Amino acid sequence: MPELPEVETIVRGLKDRIVSKKVIKIEIKDKKVVSTKIKDLLPFTITNVTRRAKYLLFHTNTSTTLLCHLRMTGHFHYPQNKEEVQSSKKYLAATFTFHDNSTLTHNSIRRLGFLKPCTPNELHTLLQNLGPEPLIISKEEFYHRIAKYQTGKIKEKLMDQNVIVGVGNIYAQEALYQSKIHPAKRIDTITKTQFNLLHKHIQQILTHSIQLQGTSVKNYSHLAGKGGYQNHLQIYQKEQCPKGHATNTLTIAGRGTYYCPTCQK
DNA sequence: CAATCGTCCTGCGGGC
DNA sequence: TGCCCGCAGGACGATT
């Protein structure tokens, strides 16, 4: 469920807390989620934490970078007291101990994500097919990248990380609602004006959500608590749209999709 | 070539 | 009350 704003919030929180810290010990509890090869790097220093698409990158003072994808339910804890230490043990995948004795845990409920070391080549291979960042892409490039899939459904391509990154199920639905575009609308029936509107709304929604530290539905929380954008959702999991029309649901690319048949054409 | 399907995984909610 | 089933979904590989 973490999409761009949630991952960005987590990255900023980690950056503030662990950059320049030296990792002196790693305990791995879930080998499926956290690769034991990370231990080969010990000891190492975190030199930066960055985001690309929905991936988190932990840069180190070695040539190896730790790559993490949270998938649905991955999260991090940087506990500050005994109570937080206790809650960081739930769904624990790994604990990193720093030279100052503070700890960072990686946790995962559904265990679909991963955290693993990558050489520069491996990193390049894993990330090379990703589309452009939605907050940087121009409206012209946005149009051209999507418009070539003439027969596809618009929501499908908004969520396709090879077309444009960072937008997942929640923000795709919100952007389409605000742009008054039906999520299953064939791409070749969408006008240039509608594309421009969609581009604008995606940027506005993602920016607003980053300001509010993301959307907290179900399992997401950033390092300092819950986000605030869930209070601004207009269509996702709503029975009525903001104008009071009854919503419908349908499945697109295997994902539940809410839309307003009155507002979205 | 693009579109669709199955897979991974566990918590949760509905139904009986 | 308790159990079982199916759903939730991001990304990727296999299949159509």
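For the numbers below, each heavy atom of this structure counts, side chains included, while hydrogens, waters and symmetry mates do not. None of these values were measured; they are calculated from a predicted model. First the proteins, then the strands, lettered A, B, ... as listed; each starts at 1.
Spacing between atom OH of A:Tyr171 and atom C1' of C:dG9 amounts to 15 Å, rounded to whole angstrom units. Look at CG on A:Leu56: it is 16 Å from P on C:dG10, rounded to the nearest Å. To the nearest angstrom, C1' of C:dA8 lies 16 Å from CD1 of A:Ile252. Atom CG of A:Leu250 and atom C1' of C:dG9 are 16 Å apart (whole Å). The distance from atom NZ of A:Lys32 to atom P of B:dT7 is 15 Å, rounded to the nearest whole Å. Computed from coordinates, the A:Lys54 NZ to C:dG9 P distance equals 12 Å when rounded to whole Å. In this structure, CZ of A:Arg255 is placed 12 Å from C1' of B:dT4, rounded to the nearest angstrom. Atom P of nucleotide C:dG10 and atom CG of A:Leu4 are separated by 13 Å, given to the nearest angstrom.
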Check residues 133-140 of chain A and write down every donor-acceptor pair under 3.5 Å in which the side-chain atom is one partner and the other belongs to a residue at least two apart or another chain.
unit_1	atom_1	unit_2	atom_2	d
A:Glu133	OE1	A:Arg51	NH1	2.8
A:Glu133	OE1	A:Arg51	NH2	3.1
A:Glu133	OE2	A:Arg51	NH1	3.4
A:Glu133	OE2	A:Arg52	NH1	3.0
A:Glu133	OE2	A:Ala53	N	2.8
A:Ser138	OG	A:Glu141	N	3.1

Anything under 3.5 Å between a donor and an acceptor, one on a side chain of residues 35-45 of chain A, the other on a protein residue two or more places apart or in another chain? List them.
unit_1	atom_1	unit_2	atom_2	d
A:Ser35	OG	A:Lys37	N	3.1

Can I get a per-line list of side-chain donor-acceptor pairs under 3.5 Å for residues 240-250 of chain A, giving both atom names and the distance, sequence neighbours left out?
unit_1	atom_1	unit_2	atom_2	d
A:Thr247	OG1	A:Lys238	O	2.6
A:Thr247	OG1	A:Glu239	O	3.1
A:Asn248	ND2	A:Tyr259	OH	3.4

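At the heavy-atom level, A:Tyr55 lies under 4.0 Å from the strands shown only through sugar-phosphate atoms. Looking at heavy-atom distances under 4.0 Å, A:Arg111 makes contact with sugar-phosphate atoms alone, never a base. Heavy atoms of A:Gly254 sit nowhere under 4.0 angstrom from any nucleic acid atom.
One finds no side-chain N or O of A:His69 lying less than 4.0 angstrom from the OP1 or OP2 phosphate oxygen of C:dG10. Of the side-chain N and O atoms in A:Tyr258, none sit less than 4.0 angstrom from OP1 or OP2 of C:dA8.
Using a 30° and 60° split on the angle between ring planes, A:His232 and A:Tyr229 fall in the parallel class, below 30°.
For A:His59 and A:Thr50, the side-chain atoms include at least one donor-acceptor pair closer than 3.5 Å. With 3.5 Å as the limit, one finds a donor-acceptor pair spanning the side chains of A:Ser102 and A:Asp100. Using a 3.5 Å distance cut-off with no hydrogens or angles, the side chains of A:Gln194 and A:Tyr143 do not pair a donor with an acceptor.
Taken residue by residue, residues 140-168 of chain A places heavy atoms nearer than 4.0 Å to DNA chain C at A:Gln161.
Within the structure, the ring-ring contact (aromatic ring centres under 6.0 Å, His included) test picks out the following pairs touching residues 90-136 of chain A (sequence neighbours left out): A:Phe76-A:His106.
If you check distances only, the side chain of A:Arg110 does reach the base of C:dA8 with a donor-acceptor pair under 3.5 Å.
Ion pairing of A:Arg186 with A:Asp188 is present here, as a side-chain N (NZ or NE/NH1/NH2) and a carboxylate O approach within less than 4.0 Å.
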What does the list of N/O pairs under 3.5 Å between the protein and nucleotides 13-16 of chain C look like, with a distance for each?
none

